[in-house]
Amino acid sequence: MSELNIVRLADYSKPAFGIDHHELQFYLQEDSVRVAHQQKIRRVQEKTDANGWTIEREKHLVLNGEGLELLSIAVNGKALESGQYRYENDLLTLFDVADEFVLETEVRIHPDENKELSGLYRSNGIYCTQCEAQGFRRISFTLDRPDVLATYRVRIEGNKQQNPVMLSNGDLEQHGDLGEDNYYSVWHDPHPKPSYLFALVAGDLAQVSRRITTAKGKKIELRIYTEAKFISQTDYAMQALVDSINWDEKRFNLSYDLNRFNIVAVSDFNMGAMENKSLNIFNTKYVFADIETATDADFHGIQAVIGHEYFHNWTGNRITCRDWFQLSLKEGLTVFRDQEFSCDMNERDIERINNVSLLRRVQFAEDAGPMRHPVQPQEYAAIDNFYTATVYEKGAEIIRMYHTIIGEEAFQKGMALYVKRHDGQAVRIEDFAQCMEDAGGYPFTKQFFDWYTTAGTPKVNFTSAYNQHNRHFTISAHQDTSAVSPARPLVIPIRLALISPNGRQYRFSDGSYSKLLMLDQTRGSWSFERGEEDLIPVLMMGFSAPVYYEHHYSNEELAVIVRHAPDGFARYEAMQISYRRLFMTALQKPLKTKDHAKDVAEMMMHVLANDKFSAGEKALLLALPSLDSLLPYLEAPIDMDKAVGAYERIVRIIALKMRRAWSDYLENDKEETQAKFSVRDAGIRALRAVAWRALAVFEDDSVGERLIKYYQEAQCMTERVNALDALMMRADKCREQALADFRQGFAEQPLVIDKWFALQAKDNCPEALERISALAAREDYHIGNPNRFRALIAPLTQMNPAIFHQGDGAGYRFVCTQIRRIILQNPQLAARLLGAFSSVSKLDEQRKTLARQELGALADIEGLSVDVREVLERLLNGLKS
């Protein structure tokens, strides 16, 4: 591979020119689109010395423009001659420009040929854009960087029969007929924005609309557009949008700033969704939902993603990033906001547990492999590769630490200050930290800021002791920084409670029942008066910092925490510690597995019988962790064959010990659920799914027959998928019967068929890879559709380690063969899926060698994009012996 051009934060400089306003005209034609573009450009900066005297004046203006056919170019209405500009290497250079001028360009682009789904493309007859991070340069020439903000007016012209809907950012100013079956619409966005937030959609789309008046009296027209045959599946998304708007006003005092808000759902979209100002474009996966075609998880995901993209209106759009190294400024903050939205709308403890589970499974693994990087990276070759769990999920955890340290009231003051100071600006993460520091009084711009520039996950080891002489109970902590770089202690907030074996909570000297401790050195110690010898520390409540942590609890203490801890995450973590210990026992001392499993099963049975837990919380407490979530706790090199064997052992032993309890639960379960989505009903269905998965381990025919009956009598998609998920653990005729029925019954529902592929991608039976390979050869495995491609590859690489990491390398060969099919057509998708090979870095030399061979063959392909080359280079370096 050729050497990559690296972009470094240290090299950032302000743009010498700014753009005040864009006038864009799009002419939608049969085989191409013409884009006429006027930009009001002015000089905004000159290099000066310490006294402010000008020492250098930028003579030339350089604009981004990728793959554009330049038809004409003029300045202030006068066409430029060839010696006045140069267009090469995706850059348009204008020589000797004035301080202020209007640039006029016209280009031709070919959206039908754009298979990368970046810029303006047409798929299934629908024109659609994706401009983040650097897609606008594929539409027209401009300063395609986030710190250049301008207003936009957009006129779209096209055939009315083919494109009865024509949308862009802002509010609709004009629309009408042009004769000969042509039509136009004009959109104006008065709020300055960077080019990555530009959007355009045109096509034959149906719509639903709703007018609302918010609590503050703001009148807004909401519309959702998609293909007519799926428009009936958008009701829930519309309600989620209404809920998001109302919640943001109530919780953050932030109101919508235009008269219309549009959402468009398209099937071919690389992202989950995109927050373009007032015109959010969504993957259909995060819009379509009814009880017959969507699971409870789908409903929940739609609510969260609709909220996330709407919340970007202020945290990302009105206040945006100065440069792409500040990406977490908008994404980490907005993920925190959508998490809080979900917590307020649903069951807070369950939401927090799910957020932490995702962080640990995806981001902690990212931190432990060759793809790791700080939340604020200092350099990159392709910014698309940094839309990662570290920037999003770990970034959100840093925001949560601000909130934990200063509290809700001060955090809201900080948010109000952030909006007041920086509305309409492109700013840095440091600017947000300064607002929180000014509002809350904690020095976030000092040592705390190291969280943004440190890669890796720290570990905290806790010990506790009791002094009988003075009745002091002491908590000590040691922060292990060996796994982070640079190696240095970080600021770690620790939310603590102390409970006795009967569940009584210790009351601290300030009258509270929980305490916030701050560990900012390698070691820390805290003593509490009038303690008791048998107090049990409940540590890191709410998962108060994104760290590994350990305390040598006894099994009895873990059982007390599960029963009595005042925090849902602490209860969940106590169960997870028990499961991890059982897995380690099965791995290191297989003969002792049954003995330890007895204590774990007793804890599980207590949870199942305990009425103080909701069904949803029981489901989380009683579900065994997946193998992929256990692997990060093992030291390298991991013996994958032993790990798979140990995991299968604990699954079977726990199933045996819980068999009677689960059978009795299902037999006596009288809870009625409705064929609709609700938090209560989703929890009940989730708990039943845990029971069915446990019983599916047993190979007797009666279990298979009961599962088939459960599948056939399912009231909703969730129950069908849960039954299929359990049946996938059984290589028998019952499984094949249900899969065939499911495929036939939902043949006209693409998102449901994606589930059919994904369920089988998690199959870990001996012949699983043969089945998965056959699926990849089917005609309905459309590699041009990102959802369909991901449906097979992502579950295999992320959730099926037994097959992906097969000792003969067959899993690696299959995945690389599939990625080869799209690596030139859709490099962004290929780069993201290649990231799964990061997990190989902790395995044995044989597997590393096999993975290197497959990745090396991909690296030899001619014409690889920068983002694919960067990922391959990092992976290959990380897999060296």
Side-chain angles (χ1 to χ4, degrees), residues 236 239-240 243 247 289 291 294-305 307 338-361 541-543 561-579 600 603-626 629 654 658 661-662 664-666 668-695 710 714-723 725-726:
Y236 183 78
Q239 185 58 50
D243 292 340
W247 181 86
I291 202 67
T295 63
D296 293 330
D298 293 329
F299 280 98
H300 182 272
I302 288 167
Q303 182 186 65
V305 176
D338 83 53
Q339 289 177 352
E340 283 298 292
F341 171 59
S342 295
C343 284
D344 287 345
M345 297 297 293
N346 303 299
E347 197 170 328
R348 179 166 286 272
D349 281 342
I350 291 177
E351 294 298 322
R352 186 63 187 138
I353 290 167
N354 284 328
N355 293 337
V356 176
S357 297
L358 175 65
L359 178 85
R360 285 173 159 175
R361 183 172 62 83
M541 291 200 301
F543 197 62
I561 292 173
V562 171
R563 288 187 178 95
H564 301 299
D567 173 64
F569 172 76
R571 296 190 292 269
Y572 170 80
E573 180 61 6
M575 289 299 302
Q576 295 303 299
I577 293 171
S578 298
Y579 296 138
V600 175
M603 291 174 65
M604 295 175 72
M605 283 187 271
H606 173 81
V607 169
L608 185 59
N610 194 330
D611 290 337
K612 82 173 185 179
F613 299 135
S614 70
E617 183 173 359
K618 287 182 182 181
L620 288 173
L621 293 174
L622 296 175
L624 291 181
S626 61
S629 69
I654 288 295
M658 289 292 293
W662 284 127
D664 288 346
Y665 162 70
L666 289 173
N668 299 319
D669 177 22
K670 305 301 181 186
E671 293 273 14
E672 292 189 6
T673 57
Q674 302 296 315
K676 64 178 183 179
F677 172 73
S678 72
V679 174
R680 172 192 171 275
D681 290 354
I684 293 170
R685 288 191 280 262
L687 183 56
R688 289 171 182 164
V690 175
W692 282 118
R693 276 189 61 84
L695 294 178
Y710 180 50
Q715 290 184 296
C716 59
M717 179 54 64
T718 301
E719 291 179 349
R720 289 188 187 90
V721 168
N722 288 345
D725 188 48

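Model, not experiment: these values are computed from the prediction. When a residue number appears, it is its place in the shown sequence, counting from 1.
When the side chain to side chain donor-acceptor pair (under 3.5 Å) test is applied to Arg361, no partner is found at least two apart in sequence or on another chain. Taking Asp338 as the reference, nothing meets the salt bridge (charged side-chain N to carboxylate O under 4.0 Å, His left out) condition, with sequence neighbours excluded. In this structure Phe613 satisfies the ring-ring contact (aromatic ring centres under 6.0 Å, His included) test with no other residue, sequence neighbours excluded. Evaluation of the salt bridge (charged side-chain N to carboxylate O under 4.0 Å, His left out) rule for Arg563 yields no partner, not counting sequence neighbours. Checked against salt bridge (charged side-chain N to carboxylate O under 4.0 Å, His left out), Arg685 has the following partners two or more places apart in sequence or in another chain: Asp296. Residues that satisfy the side chain to side chain contact (heavy atoms under 4.5 Å, CB included) test with Arg693, not counting sequence neighbours, are Asp725, Ala726, Met729. Every salt bridge (charged side-chain N to carboxylate O under 4.0 Å, His left out) that Asp344 has, sequence neighbours left out, goes to Arg251, Arg348. Residues passing the side chain to side chain donor-acceptor pair (under 3.5 Å) test with Asn355, sequence neighbours excluded: none. In this view, Ser578 and Leu558, Val600, Met603 satisfy the side chain to side chain contact (heavy atoms under 4.5 Å, CB included) rule, not counting sequence neighbours. Residues passing the side chain to side chain contact (heavy atoms under 4.5 Å, CB included) test with Ser342, sequence neighbours excluded: His300, Gln303, Ala304, Asn346, Glu351. Judged as a side chain to side chain contact (heavy atoms under 4.5 Å, CB included), and not counting sequence neighbours, the contacts of Glu671 are Asp669, Arg680, Ile684, Arg688.
Between Leu608 and Ala661 the shortest heavy-atom distance is CD2-O, 4.0 Å. Taking all atoms of both residues into account, the shortest heavy-atom contact from Ala574 to Ile561 is CB-CG2, 3.8 Å. Among all heavy-atom pairs drawn from Tyr710 and Ala723, the shortest one is CD2-CB, 3.6 Å. Considering all non-hydrogen atoms of both residues, Phe341 and Ala240 come closest at CZ-O, 4.2 Å. Residues Ser629 and Ser626 share a closest heavy-atom pair of OG-O, 2.7 Å. Of all heavy-atom pairs spanning Glu719 and Ala714, the tightest one is OE1-CA, 3.4 Å.
Between Leu620 atom CG and Asp349 atom CG the span is 10.0 Å, to the nearest 0.5 Å. Within the model, atoms CD of Glu340 and CZ of Arg352 stand 8.5 Å from one another, a figure rounded to the nearest 0.5 Å.
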Exercise. Could you walk me through whether Glu573 and Arg360 pass the salt bridge (Lys or Arg N to Asp or Glu O under 4.0 Å) test, one step at a time?
Key: CA-CA 12 Å; Glu573 180 61 6; Arg360 285 173 159 175; 2.7 Å; yes
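Ring geometry for Tyr572 versus Phe569: interplanar angle of 30 to 60°, hence tilted.
Asp298 and Thr295 are linked by a side-chain donor-acceptor pair at a separation below 3.5 angstrom, with hydrogens and angles left out of the test.
Looking at Asp681, its side chain never comes within 3.5 Å of a backbone N or O of Phe677 through a donor-acceptor pair. Here the side chain of Asp567 pairs a donor or acceptor atom with the backbone of Gly542 at under 3.5 angstrom.
Between Asn722 and Trp692, the closest side-chain pair of non-hydrogen atoms is not below 4.5 Å. Within the 4.5 Å cutoff, the side chain of Met717 has no heavy atoms near those of the Phe299 side chain. Residues Ile654 and Tyr579 form no side-chain contact, since every pair of their non-hydrogen atoms from C-beta on lies 4.5 Å or further apart. The side-chain heavy atoms of Leu666 and Leu695, taken from C-beta on, include a pair separated by under 4.5 Å. Within the 4.5 Å cutoff, the side chain of Ile353 has no heavy atoms near those of the Phe543 side chain.
Applying the salt bridge (charged side-chain N to carboxylate O under 4.0 Å, His left out) test to pairs two or more places apart or on separate chains, those with a residue in residues 608-622 are Arg571-Glu617.
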